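Shown next, in structure tokens, is the structure this report addresses.
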Amino acid sequence: MRMEGKRSSLATREELEKEKEMAQKLDLSAQSLDSLPNPPTNLATITKLDISNNNLESIPESVIARLLNLVVLDAHSNQLKSLPNSIGCLSKLKVLNVSGNLLESLPKNIEDCKALEELNANFNKLTKLPDTMGFELTNLRKLSVNSNKLACLPYSTSHMTSLQVLDARLNCLRSLPDDLENLIRLEVLNISQNFQFLQSLPYAIGLLVSLVELDISYNKISVLPDSMGCLTKLRKFHAEGNPLVCPPMDVVEQSVEAVRDYLSARMNGTAPSLTSKKNSWFGKLAKCGTFTSGMISSNVGIKDGHEGLLMSDYRSINGLASPRNLSMFSPRRLFSPKRNSPRK
């Protein structure tokens, strides 16, 4: 009898736990809802609300204001044009997912959600974020705002000192905030596919001491800051689709280490010249064996800003290079513009 009583008590306890868990999570996802129905439970007991994949154009202020213990709010893939101002009442909110909506801005009082750790607002129509949100959302670890219309990130972004992932690809970013070096925990930075808008990177990007992955592909960046030679933890770097000249793309395509070494050398003043001998036309000729290496090393001359050869000796070419025909094979003649002789 005692054993049966214990089993009955254990079963009752498990049922209560399940009921409590169900009461804490309210799933209204994928029900083609145009509006939220009256909730069947006390809203103050809900810790996770999933209203994703519906047709909601708004969320009632009164509903949000009563979700005092909400930790996770998932409202992705709806038709939301704005978020209720009462979202600032969610002092325990840690995860907010509003991706795949029609949002053009976020309410300023989202700053009052000071426990927020993850904000996902991808695939909206955001043109700006609240300027001062970084001053208050210091617990934010992941900020995803890709596929919007952002021209800049808030100047307060550098105060999000807990940030580990920042995804701002597929926007219209023209620059990055100053003082990025304050993001000492940032591990992943993706600012790719801002296309013609993003043309340079701030020097502070090389001071992100924890950065492991950096994607700047498909922008209009031609020069990387020398400071990026200090990114000792960087393991993944993507820069394709940029008109890079410093470092050259052939260096970038080698490895992260090659990029780091190149930029470190520039900082130390020892980087190779972009117009090195191996890249010049006479270097290529020497490599092909047309001219002797001795000629090139001793007879290279620069005149009027152009490379040229002052030759004192020639290697025979098919037995034709006799003193009589030397002028025919002069590099100056071969590589200078044709001159039309005056007709008599």
Side-chain angles (χ1 to χ4, degrees), residues 76 97-101 103 106 118-129 134 140-155 157-158 160 163-260 262-263:
H76 80 266
N97 187 348
V98 290
S99 65
N101 281 283
L103 301 174
L106 299 178
E118 181 175 337
L119 173 56
N120 187 337
N122 302 329
F123 294 97
N124 278 282
K125 296 183 177 181
L126 296 174
T127 57
K128 63 178 181 177
L129 298 173
L140 200 65
R141 296 180 182 178
K142 182 177 181 180
L143 176 59
S144 295
V145 288
N146 77 61
S147 307
N148 280 285
K149 300 179 180 180
L150 297 173
C152 62
L153 296 174
Y155 65 87
T157 301
S158 57
M160 298 178 180
L163 204 61
Q164 297 175 355
V165 177
L166 175 54
D167 183 359
R169 59 195 151 126
L170 281 164
N171 277 283
C172 305
L173 294 182
R174 288 167 169 76
S175 62
L176 296 181
D178 295 328
D179 303 324
L180 285 180
E181 67 270 19
N182 294 330
L183 304 182
I184 57 175
R185 295 180 176 84
L186 191 66
E187 298 178 2
V188 179
L189 175 58
N190 192 333
I191 48 173
S192 65
Q193 300 176 78
N194 283 280
F195 302 106
Q196 75 272 17
F197 300 103
L198 189 59
Q199 300 182 17
S200 63
L201 299 175
Y203 188 87
I205 201 169
L207 306 178
L208 296 172
V209 295
S210 299
L211 201 62
V212 175
E213 182 174 345
L214 174 60
D215 192 340
I216 63 166
S217 58
Y218 298 100
N219 289 301
K220 204 175 181 180
I221 298 169
S222 58
V223 177
L224 299 183
D226 296 347
S227 61
M228 286 179 57
C230 299
L231 296 176
T232 57
K233 293 187 178 181
L234 194 65
R235 295 294 177 267
K236 294 181 180 181
F237 178 55
H238 303 283
E240 62 271 18
N242 283 284
L244 276 176
V245 295
C246 182
M249 279 306 299
D250 59 345
V251 173
V252 176
E253 290 169 356
Q254 289 178 35
S255 64
V256 174
E257 290 74 18
V259 173
R260 189 160 45 230
Y262 183 97
L263 295 173

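All figures in this text were calculated on a predicted structure; none of them were measured in a lab.
In terms of heavy-atom proximity, Val256 sits nearest to Leu234 at CG1-O, 3.5 Å. Closest approach of Ala204 and Leu180 over heavy atoms only: CB-N, 3.9 Å. Leu224 and Pro247 get closest at one heavy-atom pair: CD1-CD, 3.6 Å. Annotation for Leu166 and Leu186: closest pair N-CD1, 3.9 Å, computed over non-hydrogen atoms. Heavy-atom minimum distance, Leu140 versus Leu119: CD1-N, 3.9 Å. Ser158 and Leu183 get closest at one heavy-atom pair: O-CD2, 3.7 Å.
If you take CG on Leu231 and NZ on Lys233, they are separated by 11.5 Å, rounding to the nearest 0.5 Å. The structure places CG of Asp179 at 12.5 Å from CG of Leu176, a figure rounded to the nearest 0.5 Å. Taken from CG in Asn182 to CE in Met160, the straight-line distance is 12.5 Å, to the nearest 0.5 Å. With rounding to the nearest 0.5 Å, the separation of CG in Leu189 from OG in Ser210 is 12.5 Å. Between the CZ atom of Phe123 and the CG atom of Asn101 there is a distance of 12.5 Å, given to the nearest 0.5 Å. Expressed to the nearest 0.5 Å, how far CZ of Arg141 lies from CD of Glu118 amounts to 10.5 Å.
Of the possible donor and acceptor atoms, one in the side chain of Asn171 sits under 3.5 Å from a partner among the backbone N and O of Val145. Panel note: side chain Ser227, backbone Tyr203; a donor-acceptor pair is recorded below 3.5 Å. With hydrogens and angles ignored, the 3.5 Å screen pairs a side-chain donor or acceptor of Arg174 with a backbone N or O of Cys172. Side chain of Asn146 to backbone of Leu170: no donor-acceptor contact under 3.5 angstrom is found.
Side-chain contact check for Asn148 and Asn124: no donor-acceptor pair (N or O, by modelled atom type) lies under 3.5 Å.
The closest side-chain heavy-atom distance from Phe195 to Lys220 is not below 4.5 Å. Counting only heavy atoms from C-beta outward, the side chains of Leu201 and Ile191 approach each other to under 4.5 Å.
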- Message: I'd like to know whether Arg260 forms a side chain to side chain contact (heavy atoms under 4.5 Å, CB included) with Phe237, so could you lay out the CA-CA distance, the side-chain angles of the two residues, the decisive distance to 0.1 Å, and finally the verdict.
- Response: CA-CA 10 Å; Arg260 189 160 45 230; Phe237 178 55; over 6 Å; no

- Going through the distances and angles, do Val212 and Val188 end up as a side chain to side chain contact (heavy atoms under 4.5 Å, CB included)? CA-CA 6 Å; Val212 175; Val188 179; 5.7 Å; no

- Chi angles and distances behind the side-chain hydrogen bond (donor to acceptor under 3.5 Å, both in side chains) call for Asn219, Asn242: CA-CA 5 Å; Asn219 289 301; Asn242 283 284; 4.7 Å; no

